Number of protein chains: 2
Amino acid sequence: MERAKVTSADVAARAGVSQSAVSRVFTPGASASPKTVEKVRRAADELGYRPNVLARAMVSGKSRIIGLVVAYLENQFYPVALERLSNALQAQGYHILIFTATNSIDGADAVVQELMDYQVDGIITASVAISSTLADSANAAGIPVVLFNRGQDDSGFSSVTSTNFEGGRKAAEFLLAGGHERIAHIAGWQGSSTGRDRQAGFLSVLQRAGVTPFAMVDGMYKHEVATECARQLIAGSTRPDAIFVGNDHMAFAVMDVLRQAGLEPGKDVSVVGYDDVPLAGWAAYDLTTIRQPVNRMVDAAVETILAQIETPGTAPQQIEIEGKLILRSSARIPEGWTQ
Amino acid sequence: MERAKVTSADVAARAGVSQSAVSRVFTPGASASPKTVEKVRRAADELGYRPNVLARAMVSGKSRIIGLVVAYLENQFYPVALERLSNALQAQGYHILIFTATNSIDGADAVVQELMDYQVDGIITASVAISSTLADSANAAGIPVVLFNRGQDDSGFSSVTSTNFEGGRKAAEFLLAGGHERIAHIAGWQGSSTGRDRQAGFLSVLQRAGVTPFAMVDGMYKHEVATECARQLIAGSTRPDAIFVGNDHMAFAVMDVLRQAGLEPGKDVSVVGYDDVPLAGWAAYDLTTIRQPVNRMVDAAVETILAQIETPGTAPQQIEIEGKLILRSSARIPEGWTQ
DNA sequence: CTGAAAGCGCTTACAG
DNA sequence: CTGAAAGCGCTTACAG
């Protein structure tokens with residue numbers, strides 16, 4: 001029962017104008033007399049005509065589609081970012097073609113290649129790195145790429161992150177000021193820039209203070225891995241009195257393990273996370289954490305990618321947005337501590 | 001520095017064959033001699049050629065794009081579903097064009113219209129209803145629509161839900177069997193079929209048992225609304241001894257409120273949710289809930305939409321998948337209770 | 001199996 | 001402002 005698609009030619013016939021006239025009426029900025037506009041709009045309404053975006057994309061070379069590669073959707077940070085990203089892009093007349101990837105390099109590559117087959121105007125990768133081969137390929141095709149919440153030095157791409165090194169420092173300073181003596185770190189995935197930077201910032205402060213971390217392991221940004229790490233951390237005869245965890249998602253797992261072992265976060269063991277996802281503010285966790293200002297990060301990503309798309313020649317930029325420490329009850333607050 | 005796009009004509013020239021030959025080599029099922037295939041593949045590789053999906057879509061009338069409308073991304077149920085949906089569709093060579101919507105009818109309508117402009121092969125709406133006007137329009141265009149986690153009687157669309165009425169019954173039976181006497185219900189949004197069905201099932205059991213609900217309010221599927229509802233529920237001189245909450249996302253808010261008031265879920269007040277999102281299984285909540293088998297729901301949605309796309313004339317179906325009660329510690333378990 | 005040609009539904013110079 | 005025409009990059013009958 002599929003009604004034949006109505007095209008601009010159908011509208012033209014009904015309105016008694018040329019097909020080009022119809023096109024102009026639907027092209028912002030094109031010129032048409034009020035009378036033509038009127039006739040065309042009426043005919044279009046009667047016929048239920050809407051321009052075929054794909055055809056427009058073919059001839060104009062602009063698809064108004066942004067490819068988005070995401071992973072780690074269990075981590076609340078990403079759905080929240082995705083929602084805002086989609087809204088911001090929709091408001092500008094762009095839409096998101098979404099690809100889910102594993103966190104392996106290969107996974108992202110295959111997916112980005114497919115993205116390019118769709119003639120996307122730009123690509124945003126969230127929490128995913130891509131190979132330099134593919135980087136070259138995107139660059140050659142003139143497709144801007146923005147790395148979201150991940151940096152990649154060699155790529156020549158734009159990136160938007162929080163000040164991860166600085167965030168790691170803040171966590172360490174806070175924990176040190178709290179008088180903790182056995183500070184452990186369950187790090188973010190060491191295969192990612194964010195995991196490495198947070199850890200490096202954290203270590204830099206400890207080192208300058210002459211403190212050796214109680215323990216340091218890679219939590220891989222995975223809930224189950226963090227659970228296992230936390231179990232082992234508290235299994236020995238001496239335990240950490242503080243744990244800096246590479247992101248909130250893992251910190252929740254750590255807090256669950258502590259409580260099940262009868263340890264109270266904030267009292268027996270201080271826990272500091274990274275991100276400040278909504279859940280971190282819920283009473284069940286009330287997690288002290290370094291906030292990644294997701295809204296500002298998204299806005300920056302949108303701004304930079306649109307600039308590169310709409311003003312060819314715009315240079316890629318590496319944007320870092322400061323994150324601040326959010327004090328809650330999961331970690332002891334140093335006497336007289338002021339941000 | 002944008003290298004000119006390489007087209008099938010470029011490849012043809014280099015391979016010394018016609019443009020049609022190149023097209024055939026890249027069209028699954030088309031005929032080409034081994035020698036042609038060899039020459040074309042080599043030339044394509046050397047040039048870095050990949051078919052333009054948009055051009056293919058235009059002529060074939062198949063975009064291999066599925067439009068997805070989502071909302072409520074803070075509720076963990078949806079990101080989890082989205083991830084699996086995207087993976088399942090990618091595996092079949094389809095991709096998702098994502099639109100975020102508010103939960104208002106108008107929002108979804110505007111968005112679905114835009115989706116159709118992209119010539120999507122099908123539309124999946126998660127947690128969003130669409131108007132009958134738009135339903136007509138999608139039907140007329142022959143675009144299958146699948147409602148995910150939402151039903152809509154009049155639309156003639158496919159839908160995939162869990163057995164919501166039955167789920168509401170189960171919750172009520174469980175709570176009654178547990179000897180609770182003041183059972184409240186913070187319902188899912190009454191503007192949605194899921195919210196209404198769960199409530200109706202719940203009420204049907206209470207009614208047959210001659211029990212009047214202690215209180216019944218609409219939590220709108222919103223965390224903050226549920227927080228407020230819970231506060232009021234426990235503010236009076238008599239309190240509920242059990243609360244059935246329309247989904248897990250709201251149940252978490254309820255548990256937070258109870259604890260902050262010094263009430264222990266599962267002991268002072270039983271809480272039962274709906275969904276069984278991953279967080280429900282984490283120790284901090286350990287929420288008793290009716291599981292919506294998200295994987296099976298997604299698989300059913302994919303199956304039905306692909307059937308309708310690839311075999312025109314396939315009738316829409318309303319699929320209901322059974323959800324079972326998951327026992328955890330947030331609600332008292334009746335003596336000798338067996339599922 | 002293969003090439004020449006038409007056509008998918010648009011936008012955009014080009015003349016008028 | 002407007003129409004005729006070319007062209008975006010493909011697929012697909014149609015002959016051979």
Side-chain angles (χ1 to χ4, degrees), chain A residues 2-41 43-44 47-65 93 116-121 141-142, chain B residues 2-41 43-44 47-65 93 116-121 141-142:
Chain A
E2 182 161 350
R3 181 168 56 193
K5 258 169 200 155
V6 6
T7 71
S8 56
D10 299 330
V11 176
R14 179 167 195 119
V17 299
S18 71
Q19 182 271 328
S20 346
V22 175
S23 175
R24 287 192 191 96
V25 170
F26 284 93
T27 303
S31 56
S33 69
K35 208 178 348 177
T36 301
V37 171
E38 156 67 13
K39 282 189 295 184
V40 168
R41 291 229 174 272
L47 261 27
Y49 170 75
R50 306 205 105 219
N52 179 329
V53 173
L54 261 31
R56 173 177 286 175
M58 266 212 58
V59 29
S60 70
K62 298 282 145 210
S63 63
R64 302 195 78 84
I65 297 178
M116 292 177 56
D117 296 345
Y118 276 91
Q119 313 300 117
V120 295
D121 289 342
Chain B
E2 181 161 349
R3 181 168 55 193
K5 260 169 199 155
V6 6
T7 72
S8 56
D10 300 329
V11 176
R14 180 166 193 122
V17 298
S18 72
Q19 183 268 329
S20 347
V22 174
S23 174
R24 288 194 191 95
V25 170
F26 283 93
T27 303
S31 57
S33 70
K35 207 179 350 184
T36 302
V37 171
E38 156 67 15
K39 283 190 294 187
V40 168
R41 292 231 174 270
L47 261 28
Y49 170 75
R50 306 205 106 219
N52 179 329
V53 173
L54 261 32
R56 172 177 289 175
M58 265 210 59
V59 28
S60 70
K62 298 283 143 207
S63 63
R64 301 196 78 84
I65 297 177
M116 292 177 56
D117 295 345
Y118 276 92
Q119 314 298 118
V120 296
D121 288 342

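Below, chain A is the first sequence line, B the second, and so on; all start at residue 1. In this text, all values refer to a predicted model and were calculated from it rather than measured experimentally.
Of the residues in residues 12-21 of chain A, those lying under 4.0 Å from DNA chain D by heavy-atom distance are V17(A), S18(A), S20(A), A21(A). Annotation: proximity of residues 50-58 of chain A to DNA chain C (heavy atom, distance under 4.0 Å) is found for R50(A), P51(A), N52(A), A55(A), R56(A), numbered in ascending order.
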| query | Should N52(B) and T7(B) be marked as a side chain to side chain contact (heavy atoms under 4.5 Å, CB included) after you check the CA-CA gap, both sets of side-chain angles, and the distance that decides it? | reply | CA-CA 8 Å; N52(B) 179 329; T7(B) 72; over 6 Å; no
Pairs of donor and acceptor atoms involving the side chains of residues 21-35 of chain B, under 3.5 Å and at least two apart or interchain, shall be tabulated with distances.
{"unit_1": "T27(B)", "atom_1": "OG1", "unit_2": "S23(B)", "atom_2": "O", "d": "2.7"}
{"unit_1": "S33(B)", "atom_1": "OG", "unit_2": "T36(B)", "atom_2": "N", "d": "3.2"}
{"unit_1": "S33(B)", "atom_1": "OG", "unit_2": "T36(B)", "atom_2": "OG1", "d": "2.9"}

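For the side-chain hydrogen bond (donor to acceptor under 3.5 Å, both in side chains) test, residues two or more places apart in sequence or in another chain that qualify with R50(B) are D117(A). Shown here are the side chain to side chain contact (heavy atoms under 4.5 Å, CB included) partners of A15(B), two or more places apart in sequence or in another chain: V17(B), K39(B), V40(B), A43(B). Listed by chain and residue number, S8(B) satisfy the side-chain hydrogen bond (donor to acceptor under 3.5 Å, both in side chains) test with Q19(B) (two or more places apart in sequence, or in another chain). Judged as a salt bridge (charged side-chain N to carboxylate O under 4.0 Å, His left out), and not counting sequence neighbours, the contacts of R14(A) are E46(A). For D121(B), the side chain to side chain contact (heavy atoms under 4.5 Å, CB included) partners two or more places apart in sequence, or in a different chain, are K62(B), S63(B), R64(B), Y94(B), I309(B).
Across all strands shown, T27(B) has heavy atoms under 4.0 Å from sugar-phosphate atoms exclusively, and none from any base. When heavy atoms are screened at a 4.0 angstrom cut-off, S23(A) is found touching base atoms of the nucleic acid. Within the 4.0 angstrom heavy-atom criterion, only backbone atoms of the sugar-phosphate kind lie near S33(A); the bases stay farther away.
Projected onto DNA chain C by closest heavy-atom contact, V37(B) and V59(B) fall at different nucleotides, the more 5' of which corresponds to V37(B). Ranked by how close their nearest DNA chain C nucleotide is to the 5' end, T36(B) and S60(A) are led by T36(B).
Considering all non-hydrogen atoms of both residues, L47(B) and V6(B) come closest at O-CG1, 3.4 Å. The two atoms that bring V53(B) and Y118(A) nearest to each other are CG1-CE2, 3.5 Å, heavy atoms only.
For DNA chain C, the span of nucleotides reached by chain B at under 4.0 Å from its heavy atoms goes, 5' to 3', from dC1(C) to dG9(C).
The CG atom of L54(B) sits 10.5 Å away from atom CD of Q119(B), with the distance rounded to the nearest 0.5 Å.
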| said: Counting Watson-Crick and G-U wobble pairs with both distances under 3.5 Å, what is the dot-bracket string for DNA chain D, 5' to 3', using [ ] for crossing pairs and | for pairs to another strand? | reply: |||.||||||||.|||
